[in-house]
Amino acid sequence: MVNAATPTTRPPIRLLPPEVAARIAAGEVIERPASIVKELVENALDAGARTVEVAIWGGGIDRLRVRDDGCGIPAAEVADAFERHATSKLRSEHDLFAVRTLGFRGEALAAIAAAADVDLTTRPAGEAAAAVARSRDGRIDHLGSAGAAPGTSVEVRELFAALPARRRFLRAAASETRAVVQAVEAYALAYPAVAFRMQVDERRVLSTDGSGDVRAAFAAVHGEAMASALLQIAGERTAAGDGGDEARARVDGLVGPPHVHRASRRTLTLFANGRAIVSRALTHAVEEAYVGLLPGGRYPVGLVHITVPPDQIDVNVHPTKAEVRFRYERLVYSAVGAAVRAAVVQAGTPGAPLPAGLVTPSRAPGAQAAMHVATTVTPGADAVAVRHGAATQQPALPLPERLPALRALGQFDSTYLVAEAPDGLCLVDQHAAHERVLYERICAARASGAVEQQPLLAAVVAPLTAAQAALAAEQAGSLEALGFVLEPTDGAALIVRAVPAALAGGDPARVLADYLDRLAASEEAAGIDRAAATLACRAAVMAGDRLDIEQQRALLRALEQCEAPQTCPHGRPTMLHLSNEALARSFGRR
Amino acid sequence: MRVKCQQEHLNRALSAVSRAVPSRSVLPITQHILVEANNGQLKLSATDAETIAITYTITANVTQAGSITMPSRLLSDFVATLPRDEIEMTLAERSRQVSLACARNSASIGGMDPDEFPPIPSVEGAGAIEIEPERLREALEHVVFAAATDDSRPVLTGVDFAIGPQGIRLAAADGFRLAVFQLDLAGAGQEREVIVPARALGELSRLLAEAQQPARMTVNAGQTQVLFDLGHATLIANLIQGTFPNYQQLIPASSATRTVVAVDGFKQETRLASIFARDGSGIVRLIATPGAAGATGRLLVTARAEEIGNNEGEIDAEVTGEEAKIAFNSRYLIEVLNVISEPRVAIETSSPSAPGVLKPVGDDRYVHVVMPMFVQW
C-alpha cells in the first residue's frame, strides 16, 4: 500500500516527450527483427533495387543489414529520412488511396531508429561519395560522407537495447531467424526480377538469380523438385463496381498439382499488388479449389499474385501491412478460386507414383518427369510429363476421366485389391476406392433428391457435447440432406429418428456423434462436400475387411464408373499402377 | 501337481475356456488360464474379469493335486498341435514352471501364482431353471444376433430374459430390429427380468452344442450374476444393469398385407439381390402382389446398384391384403431368415415406412420386427 497513488499524489497529465512517443509508435511497426527487415526491403524495392542483400546475426537482434543497389538518398535529405512521417512516396492525402509503392507512411527509418542503433550509408548513382548517418538512442549523432557503391545500406544493431520490456518479448534467436527468412523468401518470390541474397550468421541461406522467372525464384526458395511440378495459373475477372468504376482482379502465379502438397500452409504465399499478404479468406479460396483432391491435413503449395487497381485495395489496415482490404473482396475471392481450380482440374489427378525402386534409372533425364511418365495410370501420361517439365506449355491431351476395365484377381492383406488393367497391374486401396464410390453416390443421390434413409424402430436420444451440438445446429441442412432425421431437445442432446442408409447398423447415437466428430476434424467444416466425404469415409469398408471375389468385382466395377476414380474424397490415391512396361523393365525383360 | 489327461479332452477344454480370455487386457493374469487338478478332475477356468467366466472340467489321472495359471494362447496353441495321446503335466513344489510331456514332445511353460487369478464367482440363488440344451440353444439363436454390438446403450448389448411361470421370453433389439422368442417352460419360477450380455450367450450357445444334460440357469439373489451350469462346463456372466426398453409397443398389432413365402426361396432371392445391394447400403426392395382371382400371388425381390446393374427375382407368394412395397437392409433379412427353421415365413407389412414383421408360419413363438429403409420408389 506504500506506493498506492492517492488523489493528492497523482502526477499531473503531461504530454510525452517526442522520443517516448516515437518509441511507443515504433512498437506498432517494429515488433521484431523480421519487421525491420520487411520495412528495409520494401524501401529497397521502392528505390528500384535490382539486388537486395539481407544479412542477420544472432537472429537479427544483435545485428542486421539490408543493402541494395537502388537509387539511394541524396546527401541533403539523409537527415530528414530519420524524421517521422518523412517520405518521398506520398505527396498528398489523395495519394494514400492509390498507393503504388510498398512503403508510404514514412515511418520506417524513424521507427527503427527509435528502437535500435542505425547506421545508414547511401549513395545515389550520380554522386561521387556516399552520405553516412549514424543514429544512437533515437537521435542522429553523426552525419558525414564515405566511399561506397551506389545504393543504400542500412545496418541495425542492438534491437530494443533501450526498451528492455520489448526485448523480453522477442523469441529465441532461432525463431526470429526463421521469421526473417520467411519474410525475405516472400519478397524473393514476389520479385523474381530482383536478385535476393540472404545470409544468416555469415551463412548463405537464399540466393535468387533475379532473372524474372517465377519458377526459378520458387526453386531457390522451396527446391527444384517442387518448383518443376508447379502449374501455371492465370485468370482475370471483372465486374461493375459500386462506384461506377470497373472492379477488376487479375490472378497469376504457380500452384502445385494435387499430388504435391505440404503439411503446413507456409508453402503457399499470396501477394496483392506485389505485397506479400496474409488473408484467411484468400488462402481458403485456394484450398477450396483442391477440395477432395488433397489428403486431410495437407495444404496446397504455390504462389498467387493478385493484381487489382490501386484504388481497389487498402493496405493501410494494419501497421505491418500484412493484412489488406479489397474493395471487391468477393470478386478477388472468386478470381483466385477460379484460376487455381482451372489449373488443378486440368492437371487431373494422376495416379500416385510408385515406389522409386520400380522406376528404372535408365529414364533418368528429368527424373521427376520421367517418374510420372513411367508410373501414372493414365495413358495421357506424356502430357503430364510435358506439363511438369515446362512452365508454360499447356497439356496436349485432356486426361481420361474414367478407368479402363479392371479384372479383380484377389485381395491382399485384407486391405488392397489386386486387379488386372489393360496395360498392367493395379493395386487398389479398398477403403479409399469404396470411399470414392460412396462419395459420388451420396452426392448423386442428394442431387436427385433420392436420399436413402434407415429410420429407427424407436427414436433414441443422442447425448452430444456442446461442441457437437453446435456443429449439428450449424450443419443442420447438410445433415438432413444426407439422411439424418434429427429433432432438438431442451439440452445439447438430439433425438435421432433416422440415419443415412450408408451408416445403418451401428448405434444411431454413436453414429451421429462419430459423424460430427469426423466432420469437426475435417478442417473448415463447411460445405456439403465435406459432409458427404465424411459420410463416405464413415460408411466405407475398412482396411482389414475381407471381401469375397464378388464384392471385389462389384467394388472395381463401381470404381470404374466414378467421375474421379483416382483419388478418395480426401485426396489419397485409390490405386497404384504397375505398367507392363515397368514390370518388364524391373524383371530385366527389356 | 502331477496329472495325466487325454490330449483331445484338454484341447476341447482349452478351446472352450479360452473364449473368455480377453484379447487385450491391462491385467496380464487374465490372459492366463487357471488349471486346477483335484479328485480325478482337471478343471480349467478363464475370465475377462469383467463380464464372463467359463470353467470346463475333464477327467484326469491326478497323482498329486495342485494348481497353476498358464498363458492361454501359448498353452492352447501348444496343446492343439500335440498328437492324440496322453499328456502329463508336472509342477514341482513352489515352482511356477510347468512341464508338459506328450508322446515324444515335451515343453516347459512358465505360470503365475494361482492365488492371484481373479476369483471365479460362485453364483447361488433359489430356483434354478432347468432347460434342455437344444431348446435353450434354439431360443438363443433366434435372438442373440439382433442385439447391438455397440456398447453406447449397454442394455441393448444384452438379451432380455423375462422369466415367468410360463417360461422365459427372450428379446434382443439394436435400434433397427427386434427379435422376441418365447421359450415355454413349465415351472420356470417367480417373475423376474434380467439382461444377459449377448456375448456371453454366444459362448453359451457353443458350449450347449456338446452338452448332454439339462442346463441349469441360476440368477443370484442380488440379480447381478447368472450361472449356466452344463455339468462339465459352467458359464458365469455379470448381468447388465438397467431397464430393457418396453418392446411390446414396437410390435405392430395389425397389418395391411400378409405375404407368405417359402423361406428357402426367399432367402435365395435375397442373397442374390444382396450381391447387387452390397454396395448400395444393402437395400433390397420387396413388392408383394396378390394373385388375381384365386391365382397365386408373387413377391418380387430386387436390388439395384447404378454402376453394376439390377437384380430381380420373383417367387410365389400367398398375398393377403393390398399390394405392398417395402425396402429392407438385406443383412437384416438374411440374418432373420437364417434362424427360421419352419419351411414358410409370413411377412406382415402396413406401409413402406412402417415396421415389417416376420413370423415363421406354424410357430408363434417367434416374432421379428424390422424397420424398413426409406428409398425412392
Side-chain angles (χ1 to χ4, degrees), chain A residues 402 433-434 436-438 440-442 444-445 448-463 483 485 496-514 535-536 539-541 547-562 565, chain B residues 146-154 156-157 173-179 245-247 249-252 271-272 274-285 303-309 311 327-332 335 352-357 368-377:
Chain A
R402 309 219 169 199
H434 197 204
R436 163 55 66 185
V437 169
L438 291 176
E440 295 200 357
R441 184 170 307 134
I442 291 161
S448 66
V451 176
E452 287 161 348
Q453 290 171 309
Q454 172 70 69
L456 272 61
L457 197 51
V460 300
V461 175
V485 175
V496 185
R497 294 205 175 276
V499 296
L503 298 185
D507 180 81
R510 177 159 300 178
V511 161
L512 176 65
D514 276 5
L535 177 57
V541 294
L547 301 181
D548 60 38
I549 193 82
E550 251 332 297
Q551 290 171 307
Q552 298 169 21
R553 274 186 209 134
L555 180 53
L556 290 178
R557 250 169 293 160
L559 186 64
E560 287 162 19
Q561 301 301 317
C562 285
Chain B
T149 48
D150 195 298
D151 59 1
S152 72
R153 278 185 300 164
L156 294 188
T157 63
D174 70 356
F176 301 104
R177 54 184 168 168
L178 163 73
N246 177 8
Y247 54 84
Q249 63 188 22
L250 300 176
I251 304 173
R271 278 224 184 93
L272 265 177
S274 76
I275 294 170
F276 289 84
R278 213 172 267 163
D279 223 41
S281 314
I283 297 169
V284 170
R285 292 152 203 256
R304 57 174 101 125
E306 286 83 61
E307 295 82 2
I308 349 174
N311 175 75
F328 290 111
N329 185 319
S330 61
R331 181 165 71 88
Y332 293 167
E335 283 182 353
S353 56
V357 181
H368 192 94
V369 183
V370 196
M371 198 63 194
M373 302 185 95
F374 291 177
V375 297
Q376 278 327 84
W377 281 92

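We name chains A, B, ... by the order of the sequence lines, and we start the count at 1 in each one.
- With a 4.5 angstrom heavy-atom cutoff, B:Y332 touches chain A only via side-chain atoms.
- If you measure heavy-atom distances from B:L178 to chain A, the contacts under 4.5 Å come from both the backbone and the side chain.
- Taking all atoms of both residues into account, the shortest heavy-atom contact from A:Q454 to B:M371 is NE2-O, 3.1 Å.
- When each of A:D507, A:L456, A:L457 is paired with B:F176, the side chain to side chain contact (heavy atoms under 4.5 Å, CB included) condition holds for A:L456 and for no other.
- Using a 4.5 Å cut-off between heavy atoms, A:V451 contacts chain B through its backbone alone, with no side-chain atom that close.
- The shortest heavy-atom contact between B:P372 and A:P455 is O-CD, 3.0 Å.
- Residue contact with chain A, scored on non-hydrogen atoms closer than 4.5 Å, involves the side chain of B:R331 exclusively.
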